[in-house]
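Note that this is a predicted model, so its numbers are computed, not measured.
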Number of protein chains: 2
Amino acid sequence: MIGPGSQPRPGAPCLACPLRLRPAFKDKSDEEVRFIQSMKLDHRWLPAGADIIHPGQEDAELYTLFSGWAFRYKSLPDGRRQILNILLPGDLAGLQAALLNAAQHGIEALTDVELCVFPRKRVWELFQHRPALSYEIAWLGSREECLIDENLTSVGQRNAGERIAALVISLYRRAEALGLVSENSFEFPLKQQQFADALGLSLVHTNKTWAKLRRAGLFSIANGRLTLLNPRLTERMALLFDEAPVHRPLI
Amino acid sequence: MIGPGSQPRPGAPCLACPLRLRPAFKDKSDEEVRFIQSMKLDHRWLPAGADIIHPGQEDAELYTLFSGWAFRYKSLPDGRRQILNILLPGDLAGLQAALLNAAQHGIEALTDVELCVFPRKRVWELFQHRPALSYEIAWLGSREECLIDENLTSVGQRNAGERIAALVISLYRRAEALGLVSENSFEFPLKQQQFADALGLSLVHTNKTWAKLRRAGLFSIANGRLTLLNPRLTERMALLFDEAPVHRPLI
DNA sequence: CGCTGAATTGATGTGCGTCAAAGTATGTGG
DNA sequence: CCACATACTTTGACGCACATCAATTCAGCG
């Protein structure tokens, strides 16, 4: 739904998309970008807390997150909620919903967000005429699955401290790849309740463990920014296996 | 189901693929099937417990599971392991590995399996020339993600009894869609340790809760087959939201 | 018949959830 | 600028679901 203050900018120029400047988005030809531009329906603004896609929605469009953070989640009938993964600028939103014709999950804006809107009905057309983009879409889908795999492993196998460390590291790396990190710190808009829902922990226990890790000197948080004070230790605490996949689509 | 005694058939005819008879696989034209046939590299047989893809592998091919069960998993450095999702006949194996050029997970045969092997290097070619198949691949990827979402929600939010019920129901429905259910029962090859690893629970606790649910009359298990005695109650216990996505690719 | 791996059961401890309340922002209106 | 409300964070006390340790039973199999 279009938020109160949203101004669609009909001609928002994809060629000048700031995301293209980021290391993670280098490799698209101007011609491809022009095609994307031609498919782009709208440029939408939503306030923090708004639903980008609500659970069960059948006509959701396909979005890319232009700026801000969002998250995918699933709720149980009794209100418990699991945050499945977190979306950063440049991520696709609604691919599952577009392909499966129904959202089994919701997507909510975590901060104020800007979205580029693409018509879900033309995805099939895109697959017919734009193999490179189709491949990239499939690639982005797989990359998202990879992140969820990681979260599932965390929630299923790691204890509270390990989970927190793993999630922090993962977000740190993704933010870094987008050029959002400076001085080892980046904006961190998650409320503790959301953080807890992402970790599969209670709010209280999340808070206590979080405090413990801060006291141990792993990281600190101040006015909405998180600073990684001891990346090595944090990585070790997270029991990481290996690298997250690099942001480089197309063989 | 094709049993363990089956041998690789070099010219195994996709046109006669038994999976095509299943309700879930109706809608492919003979022409498409012939193309698939032409891409098919091999028909391979692996014993239960074998690795189809090992963690970190960079040159994994793309497979379809022709018969038998398998599972994707991730292991932590200290040996803990999370089973991410379970693969049934007709499922793709190795899509992530093919697209991301490296497997962040392993895939292991749960029973003896037969695999159709497709060259990972030609996936890009497929995207260039076969939009319908590409779309279906993306669709299958999204469907798998959907299953993982479900598991993550289970592991993060449901208690032991709910998790077990949810996993049983999910497998039951998938088996049913493949025509593998008769008399409310289907083959259930998971060992309790594997079941526990899929649920993110300890083996002991899984066993005890499992026993409780059997005593409550939800289901029973005998010589490798699981029978759903009380589907309604099981669904309610699982706290399901809604249906799993239907097996019908292409808009 | 004995070997081996899996399922089952009991005893005991603890990580995490739940309940409850205090502390700290941030905002709104007088 | 202060009073007050609302939302979020932090801390403590207590209980339970689940983990861990340790046996015992059971099933397949040479």
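- Direction of the helix axis in the helix from C:dC1-D:dG30 to C:dG30-D:dC1 shifts by 30° between the two five-pair termini, rounded to 10°.
- Atom NZ of residue B:K208 and atom CG of residue B:L213 lie 14.5 Å apart, to the nearest 0.5 angstrom.
- In this structure, B:N159 atom CG and D:dA19 atom P are separated by 12 Å, rounded to whole Å.
- Reading DNA chain C from its 5' end, the first and the last nucleotide to sit under 4.0 Å from a heavy atom of chain A are C:dC16 to C:dC19.
- Using a cut-off of 4.0 Å between Lys/Arg side-chain N and Asp/Glu carboxylate O, A:E144 and A:R72 are scored as salt-bridged.
- One can place CG of B:N207 at 14 Å from P of D:dC26, the figure rounded to the nearest angstrom.
- Ring geometry for A:F188 versus A:W69: interplanar angle over 60°, hence perpendicular rather than tilted (30 to 60°).
- Rounding to whole angstrom units, CD of residue A:Q194 and C1' of D:dC8 are separated by 11 Å.
- With respect to the salt-bridge test (charged N to carboxylate O, under 4.0 angstrom), the residues A:R44 and A:E61 do not qualify.
- Side-chain N/O atoms of A:Q192 include one lying less than 4.0 angstrom from OP1 or OP2 on D:dT10.
- Nucleic acid contact class of B:G224 (heavy atoms, under 4.0 Å, all strands): none.
- Side-chain proximity of B:L201 to D:dT10, D:dA13, D:dC18: nearest is D:dC18.
- Distance A:L190 CG to D:dC8 P: 13 Å, rounded to the nearest Å.
- Under 4.0 Å is where a charged nitrogen must lie from a carboxylate oxygen, and between B:R80 and A:E162 at least one such pair does.
- Taking the six-membered ring for Trp, B:H43 and B:F66 have ring centres closer than 6.0 Å.
- Rounded to a whole Å, the NZ atom of B:K208 is 10 Å from the C1' atom of D:dT20.
- With distances taken from any side-chain atom of B:V204 to the nucleotides D:dA22, D:dT10, D:dT11, the minimum falls on D:dA22.
- A salt bridge links A:E150 to A:R158: one of the charged nitrogens lies within less than 4.0 Å of a carboxylate oxygen.
- Taking atom CD1 of residue A:I221 and atom C1' of nucleotide D:dT10, one finds them 14 Å apart after rounding to whole Å.
- Comparing D:dC18, D:dT10, D:dA22 by their nearest atom to the side chain of B:A160 picks out D:dC18.
- With respect to the salt-bridge test (charged N to carboxylate O, under 4.0 angstrom), the residues B:D197 and B:K191 do not qualify.
- B:R214 comes within contact range of the sugar-phosphate backbone alone, with a heavy-atom separation under 4.0 Å but no base atom that close.
- Among B:Y172, B:F186, B:W210, the one residue that satisfies the ring-ring contact (aromatic ring centres under 6.0 Å, His included) test with B:F219 is B:W210.
- Atoms NE2 (A:H205) and P (D:dA13) sit 17 Å apart, rounded to a whole Å.
- If you measure from atom CG of B:L199 to atom P of D:dA19, you get 10 Å, rounded to the nearest angstrom.
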